[in-house]
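Throughout, numbering of the chain's residues begins at 1 and tracks the sequence.
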Amino acid sequence: MTDSNKAPVASRRHALKLLGAAPMLPLGGLAFLTACGGGGGGGGQAFPPIVLPPAPAPAPGTTPAPAANFVSAEFGSMAAPSLADAAAMATTTVGSTLKVSFDNGSSTEYKLAYQPFFLTGDMVSDGKGGKVLAGGYVDINNKPIVDASVVGKERQFFSDAPDGSSLLTVPNASVPGVKGKPVFAVVQFEYTTKNQAGASTYGQLPSPIAVLTLDQDQATGKLSLVKYHNVDMSSAHGLWITCGASLSPWGTHLSSEEYEPDAFTASGNAQFKAYSKNVFGSETTAKAYHYGHLPEVTVNPDGTGSVKKHYCLGRISHELIQVMPDNRTALMGDDYTNGGLFMFVADKEKDLSAGTLYVAKVGAGFSIDPSAAGADLTWIKLGHATSAEIEALANTVAPTDIMDVKFADPADASYTKIFADGVAQWVKLVPGMEKAAAFLETHRYANLVGASMAFTKMEGTTVNAKDKVAYSALANIQDSMVKNGKAWRAEMNVSLDKLLKAGGVMAHSMAGGKKDTGGTAINSDWVPFSTKALIVGEDIAADALGNTANPDKIASPDNIKFSEKMRTLFIGEDSGNHVNNFLWAYNIDTKKLSRILSTPAGAECTGLHAVDEINGWTYIMSNFQHPGDWGTGPSKTPADGLHGKVYTTLDPLIKTNYKDGFSAVVGYLTADPIQPKLAK
């Protein structure tokens with residue numbers, strides 16, 4: 001390296017010192033200044049770095065200028081793409097900005113852009129001199145699962161649905177090929193939409209999780225893929241529909257298994273039988289009670305990883321867990337109709353293998369009006385267990401050993417009528433099976449003990465630690481939440497006058513010193529005790545593009561993550577209401593909402609992960625899944641569905657960009673300075 005090549009690195013480090021604790025997104029490059037997209041290509045492009053200029057040296061005998069301390073971050077919103085630029089609707093588009101302000105009155109503004117690591121279906125480095133299929137599916141023996149639906153086009157299945165991601169570092173990491181510093185990303189793949197013949201394969205394949213070894217350039221923060229490693233899932237019986245994810249405070253990837261298979265109907269369920277066949281080679285091997293739990297992935301210093309599935313956090317529709325700063329208390333979303341708000345308090349810090357499970361009871365006054373006072377939350381104890389004892393039960397018990405479930409009224413007062421997933425059921429617990437019911441039939445048991453099982457699609461959770469507030473996304477405020485709606489029950493106190501398909505985000509205030517409904521102290525200082533609406537969307541009549549929710553407000557929030565440094569809640573959409581789904585930044589102090597990214601039409605925002613600092617750099621991770629998933633309208637075609645006005649134009653573009661519509665992208669946001677201002 002020549003001396004001239006060394007200079008930018010030194011300048012960059014000097015600038016970082018002057019900027020104090022400012023959030024510094026990885027620099028993109030000159031190419032990004034003229035191209036806002038990037039979702040159509042894979043990773044690995046080499047962009048020339050842009051570096052901040054060095055501060056002038058102080059005059060001899062004078063005191064160096066003090067560091068400029070970070071004050072605030074403000075995102076500038078981009079316009080929603082339209083058919084005036086159809087290409088922008090058919091890829092990941094970024095036209096937003098980030099302004100960082102300092103206490104000396106100076107500021108730096110950045111133009112944001114998107115950098116992919118890869119498209120699923122790409123062949124990427126396995127770190128051993130070979131190649132591996134990104135997002136590829138393997139069975140319980142780690143052998144490729146082949147899509148043979150079209151004769152002559154047999155190939156390994158790969159996912160079009162990357163989801164939860166975590167970015168982390170590991171002490172003493174060492175991976176060949178890394179020239180800067182090793183950083184790891186854990187990425188899970190929820191499902192694949194269809195086979196090559198066009199038939200649905202949702203939930204029929206075991207969800208893979210990969211560890212990506214990334215080379216972090218210390219001058220620019222740029223991350224480059226060096227190694228892709230599939231985590232062996234055999235010890236976890238394979239994984240079922242992994243959705244959102246989070247990074248634990250101790251640096252592990254907390255995954256999810258969504259829409260747990262109903263153990264009472266699994267033996268006749270074609271989806272579950274196909275899953276079992278693909279995982280184990282037999283339609284009858286998979287056990288329903290092994291799925292619907294929380295897998296935890298640990299990354300090793302060599303870029304490999306291992307998994308441990310925890311069975312004691314409730315068998316629910318796990319969407320996204322958030323562990324609080326105490327390393328013990330976890331708040332969990334439940335992406336379900338007739339779902340609940342669940343909390344787990346571990347016995348020991350940094351160890352989710354044993355603890356106590358609770359479910360919320362909502363008090364009067366629940367509202368989705370952000371100006372309303374909100375409602376109290378109390379907590380019903382469901383039980384205490386270890387993961388090992390619940391896994392042992394999952395291995396051995398039949399659902400009828402736990403409870404009797406009838407799907408028609410037995411006209412017997414010893415049964416309790418409940419609603420689960422919008423379906424009326426009559427349930428009677430087998431005496432002495434409370435623990436098995438609490439941890440393996442969690443939805444039904446929570447109903448029996450009087451929890452507010454009335455939420456529809458409660459998805460991502462995150463925490464604002466400074467203010468001791470947790471946030472939960474409600475993708476759709478409808479069905480079980482609405483008076484006279486699907487499975488609505490007044491005694492649960494979630495009784496809204498009208499639906500809001502656009503959904504919203506709830507804020508839960510937290511404190512210590514709380515007791516459960518039985519009068520026993522809850523051993524946590526992070527217990528939600530009240531809930532109120534923070535921000536909601538707005539349903540509209542279809543506009544000129546086809547949106548049925550206001551495009552300048554959130555719609556169907558799903559992934560949410562909070563940045564402590566930027567005081568910003570990031571919100572990713574999974575919407576059947578916006579023609580393009582968006583990633584938003586909402587400043588919880590200024591209440592400013594900014595659109596910062598648009599996914600391809602028909603795609604869902606996933607993999608959201610905000611990292612305040614890794615080796616001096618701030619990262620916003622963002623994936624998407626199933627581009628060009630048009631859905632259908634009353635005619636059972638896309639013509640009169642949400643995308644009826646755009647799909648004819650956009651479908652060929654998306655198929656060109658994303659491997660005939662079978663692919664999706666894993667990546668992150670970058671930034672380039674527009675007008676660096678280090679001092680006045």
Side-chain angles (χ1 to χ4, degrees), residues 8 12 22-52 73-81 85 87-100 107-119 162 165 167 183 185 214-217 219-225 561 563 566 568 570 572 580-585 594-601 603 605-611 614 617-624 627 653 657-658 664-676:
R12 179 64 187 164
M24 303 301 296
L25 270 70
L27 299 180
L30 294 173
F32 280 132
L33 296 178
T34 57
C36 296
Q45 298 104 316
F47 295 104
I50 292 179
V51 296
L52 296 181
E74 178 183 358
F75 286 88
S77 192
M78 61 176 277
D85 183 2
M89 296 187 71
T91 189
T92 301
T93 302
V94 182
S96 49
T97 59
L98 170 63
K99 181 180 179 181
V100 180
S107 63
T108 301
E109 190 168 6
Y110 298 88
K111 181 180 178 67
L112 303 183
Y114 188 70
Q115 174 65 58
F117 292 130
F118 54 76
L119 278 75
S165 300
L167 195 69
V183 173
L214 307 169
D215 187 351
Q216 185 190 50
D217 187 310
T220 66
K222 177 177 167 59
L223 300 173
S224 302
L225 180 63
K561 294 291 167 119
S563 167
M566 291 187 275
T568 296
F570 295 98
N580 288 85
N581 279 320
F582 307 125
L583 175 61
W584 301 89
S594 303
R595 181 190 294 107
I596 60 175
L597 178 149
S598 173
T599 65
C605 285
T606 60
L608 177 61
H609 183 45
V611 186
I614 290 184
W617 297 94
T618 298
Y619 292 93
I620 303 169
M621 312 293 290
S622 183
N623 308 330
F624 66 79
L653 298 176
N657 288 342
Y658 303 112
V665 168
V666 174
Y668 68 104
L669 286 168
T670 64
D672 285 318
I674 298 171
Q675 291 180 316

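Remark: the backbone N or O of M89 is paired with a side-chain donor or acceptor of N580 at under 3.5 angstrom. The backbone N or O of V94 sits nowhere less than 3.5 Å from a side-chain atom of Y114 that would complete a donor-acceptor pair. S563 places no side-chain N or O within donor-acceptor distance of the main-chain N or O of A610, the cut-off being under 3.5 Å. Panel note: side chain N623, backbone S165; no donor-acceptor pair is recorded below 3.5 Å. In terms of modelled atom types and a separation under 3.5 Å, the side chain of Q115 and the main chain of P26 share no donor-acceptor contact.
Results of the side-chain contact (heavy atoms from CB on, under 4.5 Å) test with Y668 over I620, L167, L223 single out L223 as the only residue that passes. A side-chain contact (heavy atoms from CB on, under 4.5 Å) with Y110 is found for one member of D672, V100, T97 and no other, namely V100.
Applying the ring-ring contact (aromatic ring centres under 6.0 Å, His included) rule to F75 yields the partners F570; only residues at least two apart in sequence or on another chain are considered.
Here the closest heavy-atom approach between residue G221 and residue Q216 is recorded as O-CG, 4.1 Å. For S96 against I596, the heavy-atom pair with the smallest separation is OG-O, 2.8 Å. Residues P627 and A664 share a closest heavy-atom pair of CD-CB, 4.2 Å. Between T618 and M566 the shortest heavy-atom distance is CG2-CE, 3.8 Å.
The OG atom of S622 lies 12.5 Å from the NE2 atom of H609; values are rounded to the nearest 0.5 Å.
At a threshold of 4.5 Å between non-hydrogen side-chain atoms, the residues T92 and P600 count as touching.
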Using the side-chain contact (heavy atoms from CB on, under 4.5 Å) rule, take M78 and T93 through it: C-alpha gap first, then chi angles, then the decisive distance, then the call.
-> CA-CA 9 Å; M78 61 176 277; T93 302; 4.1 Å; yes
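Side chains of Y658 and T91: a donor on one and an acceptor on the other come within 3.5 Å.
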